[in-house]
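Below: the structure, in structure tokens.
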Amino acid sequence: MADLAMLVANIAARAATATDRGRVADYIPELAKVSAGHFGIAVVTAAGEEFAAGDADMRFSIQSVSKVFALVEASCRHGDAVWTMVGREPSGSAFNSIIQLELEGGRPRNPFINAGAIAVCDLIAQGKDSAEAIAAIMARIRDLAGDDSIDIDPAVAWSESVTGFRNAALANYMRSFGVIAGPVDATLSVYFQQCAIAMSCRQLARAGRFLALGGVAPDTGLPVISAERTRRINALMLTCGHYDASGDFAFRVGLPAKSGVGGGILAIAPGRASIAVWSPGLSPQGNSLLGTRALEQLAQATGWSVFNPDV
Ligand code: GLN
């Protein structure tokens with residue numbers, strides 16, 4: 001296997017000189033303020049070794065990467081009942097698409113598109129107010145990362161809440177079918193805040209490490225979730241983690257991964273490592289352009305892939 005420290009440094013050096021960097025998301029005004037010039041990468045191996053380069057310690061808006069942690073939280077609380085409200089099929093549509101909801105009785109295709117994640121937030125908020133629900137998600141992420149300093153960026157949360165008309169449409173539409181049970185405003189408040197969590201690549205890679213370890217928390221040796229649920233979450237990350245570019249991502253990288261419009265991607269090499277990359281410029285489908293390229297380079301050099309029998 002390649003020397004990881006050198007490999008990670010080389011990937012960051014290549015990203016630093018890239019001229020085609022994609023477009024920073026601007027439909028959430030606060031995200032448009034971030035420079036496309038950033039790139040960070042952090043690899044935390046299953047054994048706990050860390051390799052980082054570039055802006056690996058700079059915090060960014062994790063956006064839809066948070067959907068993984070919210071799904072973990074909802075699975076811990078509700079088990080398989082999650083799947084009565086949300087499906088497990090790739091959508092083949094944009095992350096904020098509404099079209100399938102009407103055709104499919106208001107049930108979102110999967111928990112990693114906006115509609116599905118909003119339904120997951122609604123489940124977490126059952127029997128709670130929105131402050132308690134977001135506190136539960138934050139506690140989960142801080143615990144997984146081993147870092148109490150992780151927090152929500154209030155400017156991003158505000159920016160999302162005053163411009164999130166499409167998410168409001170998705171939530172209201174699902175509420176009309178009874179897929180969302182609670183008050184729409186409270187559910188959306190949880191969703192907007194969860195998207196606005198700010199983390200660095202290093203924090204994100206640490207938080208995802210249990211997914212590379214069959215669901216076991218590395219510090220305690222205790223299961224965060226069962227090995228079976230971990231396998232299923234990884235399967236969903238692979239099939240649905242990049243919206244309508246999930247097939248292309250599997251083709252190029254071959255690892256379970258979840259992207260966000262802040263430009264972050266969390267990727268899992270089961271049994272090997274948890275990897276986080278960040279570069280704010282996006283592809284037309286809303287996935288980090290240089291982040292995807294970096295993961296492709298890493299997967300090629302290490303051989304890490306769920307489709308590779310030799311690793
Ligand atoms: N907060 C963003 C939204 O709701 C999340 C989308 C994303 O990261 N793909 O549109």
Side-chain angles (χ1 to χ4, degrees), residues 22-34 59-71 86 90-101 108-122 124 130 134 137 141 152-174 180 184-185 187-199 201 204 208 236-237 239-246 248-249 257-267 276-289 291-292:
R23 278 200 56 191
V24 176
D26 56 8
Y27 74 101
I28 300 169
E30 200 62 27
L31 294 185
K33 296 180 181 171
V34 182
R59 296 185 194 214
F60 59 90
S61 191
I62 69 166
Q63 292 292 316
S64 288
V65 182
S66 65
K67 291 170 178 157
V68 174
F69 301 108
L71 177 62
V86 185
S91 68
S93 321
F95 59 83
N96 55 6
S97 171
I98 199 166
I99 196 158
Q100 276 162 353
L101 283 182
R109 275 280 175 108
N110 68 67
F112 294 154
I113 51 173
N114 287 13
I118 292 167
V120 167
C121 285
D122 184 68
I124 295 170
S130 55
I134 191 66
I137 296 169
I141 291 181
I152 293 162
D153 181 332
V156 175
W158 172 252
S159 190
E160 294 220 41
S161 67
V162 295
T163 57
F165 305 112
R166 254 201 231 197
N167 288 319
L170 293 170
N172 279 293
Y173 204 66
M174 287 188 288
I180 281 182
V184 167
D185 286 351
T187 299
L188 282 173
S189 161
V190 178
Y191 174 75
F192 291 139
Q193 290 183 79
Q194 136 189 330
C195 289
I197 295 169
M199 290 170 79
C201 289
L204 202 52
L236 286 169
M237 289 170 76
T239 53
C240 310
H242 280 70
Y243 317 110
D244 44 342
S246 296
D248 187 59
F249 187 88
K258 182 73 203 83
S259 72
V261 290
I265 304 175
L266 172 65
V277 289
W278 171 54
S279 182
L282 306 178
S283 69
Q285 291 90 0
N287 303 308
S288 175
L289 201 73
T292 306

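One-based numbering, in listed order, for ligands and for the atoms of each. For the numbers below, each heavy atom of this structure counts, side chains included, while hydrogens, waters and symmetry mates do not. Everything numeric in this text was worked out from a predicted model, so none of it was measured.
The backbone N or O of S91 sits less than 3.5 Å from a side-chain atom of Q100, completing a donor-acceptor pair. Judged by distance alone, with hydrogens and angles left aside, the side-chain atoms of S189 form no donor-acceptor pair with the main-chain N or O of D185 at under 3.5 Å.
The aromatic rings of H242 and F249 lie parallel to each other, their planes meeting at an angle below 30°, with 60° marking the opposite boundary. Below 30°, between 30° and 60°, or above 60°: for Y27 and F95 the angle between ring planes is between 30° and 60°, a tilted geometry.
What you find for C201 and F60 is that their closest heavy atoms are N-CE2, 3.7 Å.
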Tabulate distances under 3.5 Å between N/O atoms of ligand 1 and N/O atoms of the protein, writing both atom names on each line.
| residue | atom | partner | partner atom | Å |
| --- | --- | --- | --- | --- |
| ligand 1 | 1 (N) | Q63 | OE1 | 2.6 |
| ligand 1 | 1 (N) | E160 | OE1 | 2.7 |
| ligand 1 | 1 (N) | E160 | OE2 | 3.3 |
| ligand 1 | 4 (O) | N114 | ND2 | 3.1 |
| ligand 1 | 4 (O) | N167 | ND2 | 2.8 |
| ligand 1 | 4 (O) | Y191 | OH | 2.7 |
| ligand 1 | 8 (O) | S64 | N | 3.2 |
| ligand 1 | 8 (O) | S64 | OG | 2.6 |
| ligand 1 | 8 (O) | V261 | N | 2.8 |
| ligand 1 | 9 (N) | S64 | OG | 3.1 |
| ligand 1 | 9 (N) | Y243 | OH | 2.8 |
| ligand 1 | 10 (O) | Y27 | OH | 2.6 |
| ligand 1 | 10 (O) | N114 | ND2 | 3.2 |

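Partner of Y243 under the side-chain hydrogen bond (donor to acceptor under 3.5 Å, both in side chains) criterion, out of S64, S93, S97: S64 alone.
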